[in-house]
Amino acid sequence: MLWDFHPHPIPGSMPAPPAQPPALTVTGVSKTYRMWATPASRLWVPLLYRMSTALRMFGPLSAWLQQRAEARMHQHQALSDVGFSLARGEALGIIGHNGSGKSTLLQIVAGVLPATTGTVEVHGRVAALLELGSGFNGELTGRENVRVNAAILGLSPAQIRARMDDIVAFADIGDYIDEPVKTYSSGMALRLAFAVQVHTDPDILIVD
């Protein structure tokens with residue numbers, strides 16, 4: 001006789017579901033800005049460095065050329081070896097003094113600015129509110145700006161139409177939604193920009 005035997009699973013013996021990767025991983029990110037003494041320095045500094053390298057056999061002359069190049073350019077280290085990991089559902093606040101590199105880091109994570117060194121690994125859609133009303137056209141109405149910005153963020157025309165009422169309700173600026181954005185207060189522009197971002201269903205929302 002053949003028995004059809006289906007054993008019951010032992011509690012705790014079921015394989016665990018595969019772990020999801022972090023939503024965001026920043027590894028060793030640094031950013032260095034070059035500050036030029038004059039507009040012409042953008043031309044002269046690379047030229048002086050090349051001449052210094054070509055004339056390396058003439059030690060004093062090569063060193064003098066390199067010194068002249070360095071005098072025309074200053075390097076500002078905005079970020080140095082920044083790293084963190086953010087799991088799905090977590091929130092992270094970045095606090096620091098003015099000029100400490102907060103906005104620079106957020107721009108790098110958003111993909112707006114390249115890092116000098118290091119990597120940023122993102123899993124999912126990113127929506128970024130990096131500057132008040134960034135991307136808004138002051139001559140267009142709020143509703144028109146919603147359509148333009150939502151399309152830039154990857155929503156189809158059908159998705160924009162389906163979410164328009166929710167975006168308008170979330171912004172809560174009343175009849176001003178059909179007025180030019182140039183007539184908005186800073187708070188109204190911020191609410192509308194934030195409403196657009198959160199209704200694109202982002203996996204990562206960046207607010208500067």
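Here the side chain of T32 pairs no donor or acceptor atom with the backbone of H76 at under 3.5 angstrom. In terms of modelled atom types and a separation under 3.5 Å, the side chain of S80 and the main chain of S30 share no donor-acceptor contact. S52 places a side-chain N or O within donor-acceptor distance of the main-chain N or O of S62, the cut-off being under 3.5 Å.
Here OG1 of T200 is found 7.5 Å from CZ of R163. Values are rounded to the nearest 0.5 Å. Atom CG of L65 is separated from atom CZ of R56 by 12.5 Å, given to the nearest 0.5 angstrom. Taken from CD1 in I167 to CG in L155, the straight-line distance is 7.0 Å, to the nearest 0.5 Å. Residue L92 holds its CG atom at 11.0 Å from CD1 of I204, rounded to the nearest 0.5 Å. Atom CD of Q197 and atom CG of L205 lie 6.5 Å apart (nearest 0.5 Å). Between atom CG of residue L190 and atom OH of residue Y184 there is a gap of 13.0 Å, rounded to the nearest 0.5 Å.
More than 12 heavy atoms of other residues, nucleotides or ligands sit less than 6.0 Å from atom CE of M164. For CZ of R50, the number of neighbouring non-hydrogen atoms (other residues, nucleotides, ligands) closer than 6.0 Å is 12 at most.
The aromatic rings of H199 and F170 sit perpendicular, their planes meeting at an angle over 60°, well past the 30° parallel limit.
The heavy-atom pair separating N145 from L140 by the smallest distance is ND2-O, 3.3 Å. For the pair P202 and A127, the tightest heavy-atom approach, listed with the atom from each and the gap, is CB-CB, 3.6 Å. Residues Q159 and G154 share a closest heavy-atom pair of OE1-O, 4.2 Å.
You'll find the side chain of K31 reaches within 4.5 Å of the side chain of P114, heavy atoms only. Within the 4.5 Å cutoff, side-chain heavy atoms of L24 are placed close to those of V120.
Of the listed residues (T27, L105, I108), just one forms a side chain to side chain contact (heavy atoms under 4.5 Å, CB included) with V82, and that residue is L105.
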(message) I'd like to know whether I177 forms a side-chain contact (heavy atoms from CB on, under 4.5 Å) with L192, so could you lay out the CA-CA distance, the side-chain angles of the two residues, the decisive distance to 0.1 Å, and finally the verdict.
(response) CA-CA 9 Å; I177 191 66; L192 183 60; 3.8 Å; yes
